[in-house]
There are 2 protein chains.
Amino acid sequence: MKLTDDSQAFVLHFGEMGSRWGFNRTVGQMLALLTIHSEPLNADQLAEALKISRGNVSMGLKELQAWRLVELHHRPGDRKDYFTAAGSIWDMARTVFEERRKRELDPTLSLLRQLLLNEPQDGAETLAQERMREVYSLLELLDQFATTLSRLSEADLQRLMKLGSGLGRLLDLKDKVRGGASGSGE
Amino acid sequence: MKLTDDSQAFVLHFGEMGSRWGFNRTVGQMLALLTIHSEPLNADQLAEALKISRGNVSMGLKELQAWRLVELHHRPGDRKDYFTAAGSIWDMARTVFEERRKRELDPTLSLLRQLLLNEPQDGAETLAQERMREVYSLLELLDQFATTLSRLSEADLQRLMKLGSGLGRLLDLKDKVRGGASGSGE
DNA sequence: TATAATTTTCAGAAATTTCTGAAAGTTCAA
DNA sequence: TTGAACTTTCAGAAATTTCTGAAAATTATA
């Protein structure tokens with residue numbers, strides 16, 4: 001498994017961005033390689049191509065499976081496990097988006113629900129709790145919105161994302177057509 | 001500066017979530033404390049409340065200023081620098097969102113633009129480049145969409161995020177009203 | 001059932017990130 | 001100017017995360 005310069009660059013870049021996207025370097029590299037390599041790869045091939053240890057590959061694959069970003073395949077007469085990226089690029093993006101929503105929002109929502117049950121004991125606490133409530137409202141709305149987005153079909157997502165500043169106009173259009181009294185569909 | 005249990009919990013939680021949100025533990029804690037504390041705080045107060053070193057506070061404040069998440073204040077007859085969270089919770093969320101868009105998408109877009117200029121030399125490279133092109137298209141669209149979102153007024157953002165599954169219906173509505181030929185506003 | 005092939009685990013090593021605190025730098029009032 | 005008040009810097013320490021590789025576990029074949 002020898003990578004071309006461009007594939008190498010792509011793989012190394014994903015490794016560097018990995019930590020910002022929620023996984024570690026080698027997981028990022030593995031995901032990149034499986035994304036651009038059309039044929040399934042086994043653990044030894046990944047280790048050789050990325051020059052990382054076999055154990056690291058095993059842990060990385062475990063994590064990518066937990067994210068549901070890779071798919072397992074088997075070849076007749078070969079006992080090794082082979083992997084490909086799971087689904088289309090859009091499928092993968094949706095998966096990462098949804099998983100990050102869970103990791104980055106849910107724990108905070110859960111804590112804030114707890115804290116907001118308590119009675120503030122003085123003025124400072126009341127003010128602090130007001131701010132926490134604002135944080136909670138915003139994050140809850142964001143969480144719902146992210147969930148809504150990740151449930152849209154690819155076609156709808158593309159339409160939405162291509163709107164550009166038409167999005168603002170569309171929101172106005174809605175208010176005109178439906179009289180502004182709609183919105184909280186669920 | 002003694003924190004109540006709830007404030008403490010909030011601050012510690014932000015510290016733990018910090019790394020998932022793009023900053024380190026103490027930066028997360030400082031942001032949390034400044035968010036729930038209505039009065040401006042100086043560096044010594046932050047260091048004491050969070051039990052971290054003065055140097056760490058200085059670096060953290062520098063980073064929060066780079067993010068434009070804190071505002072500097074001065075008190076008459078006091079040479080110390082005082083800080084508050086910059087703007088409303090919505091302002092801060094918008095700032096974080098926009099900064100993360102830049103950090104998490106722009107470097108990859110930039111690299112992919114480079115790589116996609118090169119001619120693939122064989123079948124495998126052609127396939128790899130096709131996948132890179134798909135990644136590029138998706139990330140570019142996402143980048144535009146994120147930019148669009150971060151430019152919406154708070155009111156529009158709230159309306160949009162409250163749509164729930166009404167968002168899908170709204171997209172259909174648009175196609176009906178404008179005949180489906182619109183969309184690429186810019 | 002043995003044994004060969006393969007994957008997983010995990011203790012410790014290596015790498016990276018974060019934090020401390022003392023020294024250097026800056027600002028301002030007298 | 002001087003020096004007191006304050007902030008910043010940064011080398012090394014501490015903490016955390018990631019990685020390695022050998023041993024243990026699992027699975028399939030003969």
Candidates [options] - which lies nearest the side chain of [X]:
{"X": "B:Lys80", "options": "D:dG21, D:dT16, D:dT7", "answer": "D:dT7"}
{"X": "B:Thr26", "options": "D:dC6, C:dT16, C:dC19", "answer": "C:dC19"}
{"X": "B:Ile52", "options": "C:dC19, C:dT20, C:dT7", "answer": "C:dT20"}
{"X": "A:Arg79", "options": "C:dC19, D:dT27, C:dT8", "answer": "D:dT27"}

Closest-nucleotide ordering on DNA chain C, the 5'-leading residue of A:Phe83 and A:Ser19: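 Result of the comparison: A:Phe83.
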
Return the value, rounded to whole Å, for the distance between atom [atom1] of [X] and atom [atom2] of [N].
{"X": "B:Arg25", "N": "D:dA14", "atom1": "CZ", "atom2": "P", "value": "15 Å"}
{"X": "A:Asp44", "N": "D:dG21", "atom1": "CG", "atom2": "C1'", "value": "14 Å"}
{"X": "B:Glu16", "N": "D:dA15", "atom1": "CD", "atom2": "C1'", "value": "15 Å"}
{"X": "B:Arg20", "N": "D:dT17", "atom1": "CZ", "atom2": "C1'", "value": "14 Å"}
{"X": "B:Glu63", "N": "C:dT17", "atom1": "CD", "atom2": "C1'", "value": "12 Å"}
{"X": "A:Lys51", "N": "D:dC19", "atom1": "NZ", "atom2": "C1'", "value": "16 Å"}
{"X": "A:Leu50", "N": "D:dC19", "atom1": "CG", "atom2": "P", "value": "11 Å"}
{"X": "A:Lys62", "N": "C:dC10", "atom1": "NZ", "atom2": "C1'", "value": "10 Å"}

Salt-bridge contact [X]-[Y] (side-chain N to carboxylate O under 4.0 Å):
{"X": "B:Arg133", "Y": "B:Glu130", "result": "no"}
{"X": "B:Lys102", "Y": "B:Asp143", "result": "no"}
{"X": "B:Arg159", "Y": "B:Asp156", "result": "yes"}
{"X": "B:Glu99", "Y": "B:Arg103", "result": "yes"}

5' priority, DNA chain D, between B:Met59 and B:Ala43 [closest heavy atom]: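 Its nearest nucleotide lies further toward 5', so the answer is B:Ala43.
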
Using a heavy-atom cut-off of 4.0 Å across all strands, would you classify [X] as base, sugar-phosphate, or nothing?
{"X": "A:Asn24", "value": "sugar-phosphate"}
{"X": "B:Arg54", "value": "base"}
{"X": "B:Asp81", "value": "sugar-phosphate"}

Axial cation check for A:Tyr82 ring with A:Arg75, 6.0 Å and 45° limits: yes

